[in-house]
Amino acid sequence: MNIELALAEELKNVLHELYQIDIQADASLVQPTRKEFEGDLTIVVFPYVKLARKAPDMVAKEIGDRLCERMDALTGYNVVKGYLNLSVADGYWLERLREGFADERYGLFAQREEAPVLIEYSSPNTNKPLHLGHVRNNLLGHSVSQILMACGHPVVQVNLVNDRGIHICKSMVAWLRYGNGETPESANIKGDHLVGNYYVVFDKHYKEEQAELIAKGLSEEEAAQQAPIMLEAREMLRRWEAGDPEVRALWEKMNQWVYAGFDATYARLGIHFDKTYYESNTYLLGKSLVQEGLDKGVFQRHEDGSVRVNLTDEGLDEKVLLRKDGTSVYMTQDLGTAQLRYEEFHPGKMIYVVGNEQNYHFDVLKLVLGKKLGKPFGDSIYHLSYGMVELPSGKMKSREGTVVDADDLMDDMFEEAKQSTESLGKFDFQPDEAAALYEMVGLGALKYFILKVDPAKNMLFNPAESIDFNGNTAPFIQYTHARIRSLLRKAAEQSVNVADALPDGLSPEGEEKLIVKKLYQYPQVVLAAGENLSPALIANYVYDLAKQFNHFYQETPIMRETDAAKRLLRLQISQWVANTLRNGMKLLGIDVPERM
RNA sequence: GGUUCCGUAGCUCAACUGGAUAGAGCAGCUGCCUUCUAAGCAGCAGGUUCUGCGUUCGAGUCGCAGCGGAAUCACCA
């Protein structure tokens, strides 16, 4: 049991004895003492003064006396304006150091036997390559998966690829008309980019044809409907749905190009899925659920033949679940895939990492499955909603060519890292080690830049300003790690065994103790990040830790220390910091180098 | 117009879920490399936490009203 919880437990007893106040013992009643005050742990006594009918300082004193009597780990206390600051014995921190410094898996909890958490993310369309918006989605999904696994939850990562519909038909039509049989190999570009290019080609010709029709006197709307290239795309979609072998073969071919491209992008981002669903397989699902709702009387068949659900009681609107021609809409499909996944994995929780533009959709999905259909998994659906990535010019618009392409962005980050490293004069790397380092630093900077922001918030990305490598950034943290690894290499060279037992009677003091206390908090931070599904908590923690260590490093000799016991203590703290930085960054999907 | 989310230093973001004097980075200015890695460290400057009212021992955090921004309110996904 950690000391906060033990303390809270005793606090509960003491409050009952002294004032007959009954509380729930909760570790959040105990917080770390702020640096500017003496002590290690703080209890705020204001909540009890009214019931105790005494002055705050008196209450704090009485509680402090009793707690110190009861707990050996406490050595004393002071009271400042109703804040009870308790001091913890040095030996306690020494024990934490002994337990933690060599633990390669520090902050990773044992996996529990329980229903898995299913998490869906990425969910691309196959008509264009991944862009910055997908990058935020992918990084969030991957990081949250890592965090949940670190907390001990089994996790199933799934992707749902939107591989069918009018969008891919547009690329197909344009490729047939203007492609001259071009392939990724012949054009030497990634398949997803190739298909994306034809999507743009489609749009260009579509606009031209519309303009011609308007010149002939058609209205804008008529022109949009009747442009020949659009009619072809619709016909293509119709033939696809009818199972036309020729259309299906083309569709297969172009989608395979796209998947090869996606796979490369995913691999570079460092993400993978346990299972990939394709909408071409799932879009017909859900109809039986709609029938079930009709049978139960919770859905209504409208006079025009469409099936709808009335959610006005819940403060929402009426929502169509089945078109009047009986075909599925997006919602129908999502109802079906939720059911499918439930049957397949029996998850305790289903997380959907999807942008906040779909908040309404997920409100409806949850309500329909839970309240209306009474499905047990309705309430287990959680929409991890994140804000848009905006450019200085506003939202990214694919039609206006302002999207930031994921592959280009990663190339740019690599290049920035290369230039930055070279300008710092660090040339003593072998070519392959250098390339690996640039990739690690460049992608690290990108990932950290995105993940340190609270998911709920919109964020700004300015392509004109490169992502920083100084300050609150991944390279700063990677650098701190590399420095420590360098120290540890030096120790090994000088035959100092960091794993040696520390002599008794020596304890972390001053800055050393501050770092040990910070390290001690890490597992709690992991749990908090898991509960809040927030990689930003990890990012903030890791930065604070690195910053604190750098300060220490600057002022305190470590390998230069001549007292062997002190040197060993500091090396162990350093190693613990390095492990924690590495493990924390891993949760963000960021690797750390041995040297940089 | 209804609903939801957001509003903190010039800019980008924090603030342990209601606790002590709101913190970092960038940008600006000052110092520190004959070396445990300067992608670092120390310092200066920068704030009516959008506004107002309320809740209580205590509010950036909770409630209400307003202002500003975003998303959404499709038989698109």
Side-chain angles (χ1 to χ4, degrees), chain A residues 28 31-34 36-37 42 44-47 49-50 56 80-83 85 123 125 162 165-167 279 283 302 304-308 315-317 319-325 327-331 333-334 355-361 363 385 387-388 390 394-395 417 420-421 423-424 426 441 445 449 452-454 456-462 465 468-480 482-487 489-491 521 524-525 528 531-532 536-537 539-541 543-544 546-547 550-561 567 570-571 574 595-596:
Chain A
S28 68
Q31 45 195 281
T33 303
R34 297 181 70 122
E36 55 268 39
F37 298 97
T42 293
V44 184
V45 304
F46 287 115
V49 300
K50 197 173 249 179
V80 183
K81 297 194 301 182
Y83 290 83
N85 300 321
S123 313
N125 289 356
N162 183 8
I166 191 74
H167 55 272
E279 290 197 6
Y283 81 109
H302 200 256
D304 65 10
S306 63
V307 177
R308 306 181 183 189
L316 304 177
D317 301 318
K319 189 82 189 167
V320 172
L321 299 178
L322 222 49
R323 293 192 186 96
K324 63 185 169 198
D325 62 7
T327 56
S328 300
V329 293
Y330 178 45
M331 183 63 69
Q333 185 254 137
D334 251 4
N356 61 12
E357 63 215 345
Q358 291 193 37
N359 286 354
Y360 182 76
H361 173 78
D363 287 347
S385 167
M388 299 290 102
E390 286 167 351
K395 224 186 146 182
S420 181
T421 305
S423 72
L424 287 167
K426 304 191 175 192
V441 170
F449 176 81
K452 76 174 178 181
V453 180
D454 178 4
K457 292 185 179 176
N458 287 356
M459 62 177 295
L460 184 82
F461 175 80
N462 188 346
E465 299 170 11
D468 251 301
F469 288 174
N470 298 312
N472 188 357
T473 66
F476 171 89
I477 296 155
Q478 291 168 321
Y479 179 68
T480 307
R483 267 179 156 182
I484 297 174
R485 299 303 302 172
S486 169
L487 269 179
R489 278 193 300 276
K490 191 150 290 189
Q521 292 168 3
Q524 300 306 314
V525 174
E531 273 166 36
N532 294 294
L537 293 180
N540 290 335
Y541 172 86
Y543 172 67
D544 286 342
K547 191 171 169 52
N550 277 330
H551 177 79
F552 173 70
Y553 177 91
Q554 196 77 21
E555 320 213 308
T556 318
I558 300 175
M559 273 311 288
R560 282 189 316 217
E561 173 59 53
R567 183 178 64 195
R570 289 175 190 166
L571 280 168
S574 300
R595 323 191 285 147
M596 72 183 274

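Quick note on labels: first sequence line is chain A, next is B, and so on, each numbered from 1.
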A.B. asks: List the residues meeting side-chain hydrogen bond (donor to acceptor under 3.5 Å, both in side chains) with A:Asn540, not counting sequence neighbours, and say none if there are none.
C.D. replies: none
A.B. asks: What's touching nucleotides 54-60 of chain B from the protein side, N or O pairs under 3.5 Å?
C.D. replies:
| residue | atom | partner | partner atom | Å |
| --- | --- | --- | --- | --- |
| B:C57 | OP1 | A:Lys50 | NZ | 2.7 |
| B:C57 | OP2 | A:Lys50 | NZ | 3.4 |

A.B. asks: Applying salt bridge (charged side-chain N to carboxylate O under 4.0 Å, His left out), can you list everything that pairs with A:Glu531, at least two apart in sequence or on another chain?
C.D. replies: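 Not a single residue meets the salt bridge (charged side-chain N to carboxylate O under 4.0 Å, His left out) criterion with A:Glu531.
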A.B. asks: What residues form a side chain to side chain contact (heavy atoms under 4.5 Å, CB included) with A:Val525, not counting sequence neighbours?
C.D. replies: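 Listed in chain order: A:Ile538, A:Tyr541.
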A.B. asks: Please determine whether any donor N or O and acceptor N or O are separated by less than 3.5 Å between the side chain of A:Asn532 and the base of B:U17.
C.D. replies: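 Counting by modelled atom types and ignoring angles, a donor-acceptor contact under 3.5 Å is found here.
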A.B. asks: Of all residues at least two apart in sequence or in a different chain, which pass the side chain to side chain contact (heavy atoms under 4.5 Å, CB included) check with A:Val453?
C.D. replies: A:Arg136, A:Lys457, A:Met459
A.B. asks: Spell out protein contact along nucleotides 31-43 of chain B as letters: B when the base is contacted, S when just the sugar-phosphate is, - when no protein heavy atom is under 4.0 Å; keep the 5' to 3' order.
C.D. replies: -----BBSBBSS-
A.B. asks: Taking only residues two or more places apart in sequence, or in another chain, which ones meet A:Asp544 in a side chain to side chain contact (heavy atoms under 4.5 Å, CB included)?
C.D. replies: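 A:Asp544 satisfies side chain to side chain contact (heavy atoms under 4.5 Å, CB included) with A:Lys518 once adjacent residues are dropped.
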A.B. asks: Report the residues that fulfil side-chain hydrogen bond (donor to acceptor under 3.5 Å, both in side chains) with A:Thr473, sequence neighbours left out, ordered by chain and then residue number.
C.D. replies: none
A.B. asks: Excluding sequence neighbours, so at least two apart, what forms salt bridge (charged side-chain N to carboxylate O under 4.0 Å, His left out) with A:Glu36?
C.D. replies: A:Arg34
A.B. asks: A:Pro47: which residues meet the side chain to side chain contact (heavy atoms under 4.5 Å, CB included) condition with it, sequence neighbours left out?
C.D. replies: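 In terms of side chain to side chain contact (heavy atoms under 4.5 Å, CB included), with neighbours along the sequence ignored, A:Pro47 is linked to A:Val44.
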A.B. asks: Between protein and nucleotides 10-13 of chain B, what N or O pairs are separated by less than 3.5 Å?
C.D. replies:
| residue | atom | partner | partner atom | Å |
| --- | --- | --- | --- | --- |
| B:C13 | OP1 | A:Leu460 | N | 3.1 |

A.B. asks: For B:A14, what is the paired nucleotide under Watson-Crick or G-U wobble rules, both distances under 3.5 Å?
C.D. replies: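 Answer to the pairing question: none, since B:A14 forms no Watson-Crick or G-U pair.
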A.B. asks: Mind checking salt bridge (charged side-chain N to carboxylate O under 4.0 Å, His left out) for A:Arg308 and listing every partner two or more places apart, or none if nothing turns up?
C.D. replies: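 Here the qualifying residues are A:Asp304, A:Glu318.
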